Amino acid sequence: MTVERIFDELGHFKRFQACLYFAAVLQAVACGIQYLASVFLVETPNFVCGVPGNITDVLYGNLTGSSLEDFLPDFKSKSRPLVVRTAEGDQWELGRCHSALRLDPKGFTYDFDGNKTAKACDKNFVYDHSEVYQSIVTDWDLVCEREWLAKLCQPTFMLGVLIGALVFGDIADRVGRVRIMMFTSLCQFVLGVSVAFSGNYYMFIVLRFLLAMVSSGYLVVVFVYVTEFTGIKVRTWTSMHVHAAFAVGIMVVALTGYLVRVWWIYQIILSTCTSPFLLFCWKFPETPFYLIAKGRYKEAETLLETIARFNGLDYRLKVEDLLEPENGKALLDGGEERPPQPEKKLSILDLFGSWRMAGRTCTVWAIWFIGSLGYYVFSLGSVNLGGNQYINLFLAGAVEIPSYLVGCFAMDRIGRKRTCAPALLLAGVACMLIIAVPADIEILAITLCMVGKFAIAIAFGLIYLYSCELYPTIVRSLAVGSGSMMCRVGSVVAPFCVYLADVWVYLPQLIVGILAFIIGVLTLLLPETLGRPLTTTLEEAEALGREPSKRNSAQGHKGAEDGVEMK
């Protein structure tokens with residue numbers, strides 16, 4: 001197949017492709033928004049047990065006051081309770097999940113040695129509204145013995161992302177990329193707004209789970225879509241900058257969270273940010289790679305004419321020019337599309353069709369896994385930096401953009417494999433050095449954490465494009481979808497990995513460091529795809545990296561570099 005000739009004739013990234021690209025990427029911002037929205041949806045403010053009756057006096061150590069709200073912003077210690085006196089004269093010692101009524105107090109002092117009657121709060125809590133006015137935690141009292149319900153929100157969302165990536169990636173290879181993009185975009189908007197009106201916790205979880213599935217489905221398919229609409233010369237940049245759009249979504253979450261402190265209003269605003277996309281997504285064409293692979297030659301011919309006309313070029317390319325000689329001759333002789341033939345049912349097992357492809361798939365999946373695991377372990381480990389939480393989240397999104405820029409330059413100059421492997425090795429080394437840094441040198445530890453996150457982000461951003469180039473058209477969406485599934489497995493495992501810090505403070509970094517280093521070494525065994533055309537059949541994909549001689553290999557590498565220099 002020589003479908004890549006489309007871009008030599010009609011432009012690698014001219015007006016038609018640019019319009020499609022930026023429109024498709026707009027909805028990728030919504031994916032970043034929905035993935036991180038729960039940061040403020042389930043935020044738990046400071047809280048304390050409430051008491052029956054009106055409070056007249058409050059003691060907290062040497063501090064005195066008349067209102068609980070004055071002390072809640074600083075009430076963080078579980079060992080030192082708040083002592084209050086009510087209008088009826090009762091004295092209470094208030095903790096987060098329990099309260100105690102003092103029996104026969106002689107005076108109103110902070111310390112008390114007499115008898116007390118302790119009891120659980122029983123859904124009677126007072127929340128600090130200075131930072132979070134209203135979240136699902138405050139609405140449904142997801143604290144104390146119900147705290148696990150709040151912690152379940154993000155793992156449940158990531159489980160939906162995992163399933164959605166696999167399901168929609170497979171369906172996109174069967175029914176087309178555009179249909180899935182339209183369906184998931186509409187569902188993102190409808191489900192996103194519906195989450196704001198969920199009447200209880202369980203409805204909230206179900207709607208967020210479905211929202212995760214469609215958000216993941218769009219993100220998987222849009223990578224394949226932009227890859228199949230842009231040429232080799234710009235494919236690295238267009239693919240990597242979908243990640244930049246995702247990072248913009250994270251920054252939008254931080255900005256919206258800072259301005260809006262009521263969770264359901266916050267959710268509605270986030271869900272409507274990219275709603276204009278719904279007005280023109282129905283005009284999206286199917287990709288020429290998919291149309292030709294499915295034998296829909298007339299549609300492909302019409303699409304090529306449209307691209308040429310929109311780009312202001314003379315139309316000289318014909319579909320038969322893009323086919324193997326026998327297929328082109330059959331098309332010319334028949335004058336019609338080829339008759340429908342029984343289509344082989346492809347499944348995830350086709351990614352393991354040979355020992356060579358099985359080893360490639362296992363390595364690619366491992367890169368997806370460590371990319372997500374490392375990203376979240378580094379991110380969760382950086383929350384101790386202090387400062388404003390909204391600024392921290394904004395910077396967490398902003399710091400990803402330079403990593404993608406560096407990744408783009410490196411991928412186009414030294415290759416995909418030679419960029420991914422050193423990035424993973426650098427992340428592994430950074431983890432090991434964090435362990436060796438003395439605890440009192442915080443600046444150095446923070447710097448190493450940022451270096452590790454920067455390196456992991458390069459590998460994580462690169463693997464989307466690398467997966468597209470390592471697999472043929474007929475299983476490309478399935479390959480990216482299954483890889484994204486492994487990515488979500490990593491994101492689900494990451495919080496549990498962070499909890500291992502209770503065993504040893506550096507155990508999470510040790511695990512990530514060892515895995516990143518091993519997978520970085522395995523990445524060196526993958527074939528290089530820089531300057532290579534996208535493959536269409538499993539045989540072509542399996543042949544990647546198999547050069548008949550060193551001389552031909554050197555010539556092929558030189559040709560790839562020449563193609564990059566033409567950019």
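This structure is a prediction, so every number in the text was calculated from the model and none was measured.
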With a 4.5 Å cut-off on side-chain heavy atoms, are W92 and C49 touching? no
Cysteine SG atoms at C144 and C121 closer than 2.5 Å: no
Is there a side-chain contact between L94 and V51 in this structure, where contact means two heavy atoms from C-beta onward sitting under 4.5 Å apart? yes
For F277 together with F284, are the ring centres under 6.0 Å from each other? yes
Is it the case that more than 12 heavy atoms not belonging to Y201 sit under 6.0 Å from its OH atom? yes
Take L510 and M432, measure what side chain to side chain contact (heavy atoms under 4.5 Å, CB included) needs, and give me the verdict at the end. CA-CA 7 Å; L510 179 63; M432 299 304 178; 4.3 Å; yes
How would you list, by chain and number, every residue that makes a side-chain hydrogen bond (donor to acceptor under 3.5 Å, both in side chains) with Q91, sequence neighbours excluded? R102
M182 and V178, any side-chain heavy atoms less than 4.5 Å apart: yes
Should we count CG of N115 as having more than 12 external heavy atoms under 6.0 Å? no
Without swapping roles, check the side chain of T56 against the backbone of R85 for a donor-acceptor pair under 3.5 Å. yes
What's the separation between atom CD1 in I435 and atom CG in L507, rounded to the nearest 0.5 Å? 8.5 Å
Any side-chain heavy-atom pair from V195 and S271 closer than 4.5 angstrom? no
Kindly determine whether S482 and W365 satisfy side chain to side chain contact (heavy atoms under 4.5 Å, CB included), including the steps that lead there. CA-CA 8 Å; S482 61; W365 281 7; 3.3 Å; yes
More than 12 foreign heavy atoms under 6.0 Å from CZ of F183: is that the case here? no
Rounded at 0.5 Å granularity, tell me how far SG in C420 sits from CD1 in I519. 9.5 Å
Full working for side chain to side chain contact (heavy atoms under 4.5 Å, CB included) between F112 and V83: CA-CA 10 Å; F112 179 73; V83 179; over 6 Å; no
Flag yes if more than 12 heavy atoms outside W140 fall under 6.0 Å of its CH2 atom; otherwise flag no. yes
Close side-chain approach of L373 to I370, heavy-atom, < 4.5 Å: yes
Side-chain heavy atoms of N46 within contact of R96, under 4.5 Å: yes
Please report the interatomic distance CZ(F204) to CD1(I136), rounded to the nearest 0.5 Å. 4.0 Å
I want to know whether F157 and Y35 have ring centres closer than 6.0 Å. yes
R261 atom CZ: more than 12 heavy-atom contacts under 6.0 Å: yes
When rounded to the nearest 0.5 angstrom, what is the spacing between CD in Q188 and CG in L278? 9.0 Å
I need the E400 CD to I458 CD1 distance, nearest 0.5 Å. 11.5 Å
Let's go through F517 and L425 carefully: what are the C-alpha distance in whole Å and the side-chain angles of both, what is the deciding distance for side chain to side chain contact (heavy atoms under 4.5 Å, CB included) to 0.1 Å, and is it a yes or a no? CA-CA 5 Å; F517 197 88; L425 294 174; 3.7 Å; yes
What pairs with F125 under ring-ring contact (aromatic ring centres under 6.0 Å, His included), at least two apart in sequence or on another chain? F47
Please state whether the rings of Y390 and Y258 are parallel, tilted or perpendicular, taking 30° and 60° as the class boundaries. perpendicular
Is N200 atom CG crowded by more than 12 heavy atoms from other residues, nucleotides or ligands, each under 6.0 Å away? yes
Qualifying residue, where the test is side chain to side chain contact (heavy atoms under 4.5 Å, CB included) with R208 and the options are S38, C153, S194: S38
Pairing residues for D139 by the side-chain contact (heavy atoms from CB on, under 4.5 Å) criterion, not counting sequence neighbours: Q134, W263
pair V206-F209: side-chain heavy atoms closer than 4.5 Å: no
Answer whether the closest heavy-atom distance between the side chains of F460 and C487 falls below 4.5 Å. yes
When rounded to the nearest 0.5 Å, the distance separating CD1 of I268 from OG1 of T256 is 13.0 Å
